[in-house]
Number of protein chains: 2
Amino acid sequence: MATSRKAESIPGDDWPAGAESTPAARSEHVPESTVRRLSTYYRLLQTLAAQSEGEQVSSGKIAALTGFTAAQVRRDLAYFGTFGRRGVGYENQELQRSLATILGIDRGWRIALVGVGNLGQALLSYRGFPRQGFHVVAAFDRDPRKIGRKVRRVLIRPMSALPAAVRSLNLQMAVIAVPADSAQEVAAAVVAAGITGILNFAPTKLVVPEHVHLQNVDLSIEIEYLSYLLTHEAPADT
Amino acid sequence: MATSRKAESIPGDDWPAGAESTPAARSEHVPESTVRRLSTYYRLLQTLAAQSEGEQVSSGKIAALTGFTAAQVRRDLAYFGTFGRRGVGYENQELQRSLATILGIDRGWRIALVGVGNLGQALLSYRGFPRQGFHVVAAFDRDPRKIGRKVRRVLIRPMSALPAAVRSLNLQMAVIAVPADSAQEVAAAVVAAGITGILNFAPTKLVVPEHVHLQNVDLSIEIEYLSYLLTHEAPADT
DNA sequence: GCTTGTGAATATCTTCACAGCC
DNA sequence: GGCTGTGAAGATATTCACAAGC
């Protein structure tokens, strides 16, 4: 079921000998929740650096400020290598660089937005994306009235322009923000154009080939989970 | 950390005798992932019903259409009771009602939106919310130029109007869509006004009292996870 | 014959606790 | 003395596999 994987660990082949200082690899499977926490650590380090507090940080400090535990912080990092000095902690800039490499945000990603409705426009304007190296450089919509307009300096193109744009603009990811009924069709087009990473905001299950990475953000699920918490877990807890 | 809970299961006290047909309770702890999948099942049932296919559904069918497994579907439901008939399956409308009760969306939730920027406006217009019973009935912003305007029939009010509005409009949840720097302050105001459920879109860790339920949607984390997948898990897999 | 509901087995993730190093 | 990195233990979640029931 989609999440087949096989770990495939030939004993003793887990890690190229001597490569222990290269962050961002290590073949063992890394839990999704670990990767998401790494994003949180990364942003915290950015914030601390901006306040020029915390040139030196400890797992305990990261834990206190993010709401996780110190053991968890260390375990999460351990999947990728060894980044700190015992008795001392981690050097902020250095750990930031390592995390950026691990997360793959040490380059800049070039992104296509498909669907320039309310949500699409908000995503085009979202400051958090460029701040972390995600650049929406092209937008697509099927509404002829929107074609040719610009939103936030980004030209809105017809869907037919997608394949050529993927090549000429070197687009690497797509953000899908169209209604649920057209999302599968859009996904197919995006995949056909050669894109292998999709962030989908449409509330529907998309079917994509195995080699395409798909991440869903479903606002209804989020708010329904909150509804569940309020309904059950009485008045307490996260 | 924050997720302290203690299960507190007095043996033999797990479930009030004879209440086995009441959906939506059962005291055992339910995994977050289970609840999120229930939302997905629920929406699938709605879709099938609208197509007037699937008056009768099986765990296998739900699994095939959502991408989970049949065993998982049955296990997820089992946390809350017993909803199907052996050899037959589940009756769509009946299961839908049960899921709605479990998720707490069989009522209508009245919601405050705080922060009417790009994202806030998109959320005000998001069709998926009212479709599932989530009604944004009041909006708040600190920008005086926005006060008094209406977006999608919803009046934008000053932050100072929040406490009174919570009472007079019976607001039960807040959606926070303000910049990271003001999010904590807004959260405090929202909590002070008596709201106990928060859906937070600001990319920062909010500290709230134990009795307040907080759910975060962090777009940067989502796209960074996609970046991670593209960078590592080579060309394959979910 | 087909599908649910569920103990038991497995796999996965988190926490503990401490040796190793600064 | 303090903090990391990590085996081992513990807790949680998923999957298997089958008895029970239509």
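Here is how names work: the chains are called A, B, and so on, in the same order as the sequence lines, proteins then strands, and each is numbered from 1. Both backbone and side-chain heavy atoms feed into the values below; hydrogens, waters and symmetry mates do not.
B:Glu28 places its CD atom 11 Å from the C1' atom of D:dA13, with the value rounded to the nearest Å. Rounded to an integer number of Å, the gap from CD of A:Gln72 to P of C:dC16 is 11 Å. Note: NE2 (B:His29) to P (D:dA13) measures 6 Å, nearest angstrom. A:Arg75 places its CZ atom 15 Å from the P atom of C:dC18, with the value rounded to the nearest Å. If you take NZ of A:Lys61 and C1' of D:dT4, they are 17 Å apart, rounded to a whole angstrom. Regarding A:Tyr79, its OH atom lies at a distance of 8 Å from the C1' atom of C:dT12, rounded to whole Å. In this structure, the CD atom of B:Glu91 is 17 Å from the P atom of D:dC22, given to the nearest Å. Spacing between atom CG of A:Leu77 and atom P of C:dT14 amounts to 14 Å, rounded to whole angstrom units.
When each of A:Ser59 and B:Arg37 is assigned the nucleotide of DNA chain D bearing its nearest heavy atom, the one mapping closer to the 5' terminus is A:Ser59. For the pair A:Ala71 and A:Arg85, nearest-nucleotide mapping onto DNA chain C gives the more 5' position to A:Ala71.
When the side-chain nitrogen and oxygen atoms of A:Ser58 are compared with OP1 and OP2 of D:dC3, none of them lie within a distance under 4.0 Å. Of the side-chain N and O atoms in A:Tyr90, one or more sit less than 4.0 angstrom from OP1 or OP2 of D:dG5. Taking 4.0 angstrom as the limit, B:Ser33 places a side-chain polar atom (N or O) nearer than this to OP1 or OP2 of D:dT14.
Applying the side-chain contact (heavy atoms from CB on, under 4.5 Å) criterion to B:Gln184, with sequence neighbours excluded, gives B:Ala187, B:Leu206, B:Val207.
Between atom OG of residue A:Ser227 and atom CD of residue B:Gln215 there is a gap of 11.5 Å, rounded to the nearest 0.5 Å.
Using cut-offs of 30° and 60° on the angle between ring planes, the pair B:Tyr41 and B:Phe68 is perpendicular. Between B:Trp109 and B:Phe134, the ring planes lie parallel to each other; the angle is under 30°, not in the 30° to 60° tilted range.
Looking only at atom types and distance, the side chain of B:Asn92 has a donor-acceptor partner in the side chain of B:Gln96 under 3.5 Å away. Using a 3.5 Å distance cut-off with no hydrogens or angles, the side chains of A:Gln132 and B:Ser220 do not pair a donor with an acceptor.
Residue A:Arg74 is in base contact, counting any heavy-atom pair closer than 4.0 Å across all strands shown.
Judged by distance alone, with hydrogens and angles left aside, B:Arg86 brings no side-chain donor or acceptor close enough to the base of C:dG5 to form a pair under 3.5 Å.
Under 4.0 Å is where a charged nitrogen must lie from a carboxylate oxygen, and between A:Arg36 and B:Glu222 at least one such pair does.
Residues from residues 41-50 of chain B that place a heavy atom under 4.0 Å from any atom of DNA chain C: there are none.
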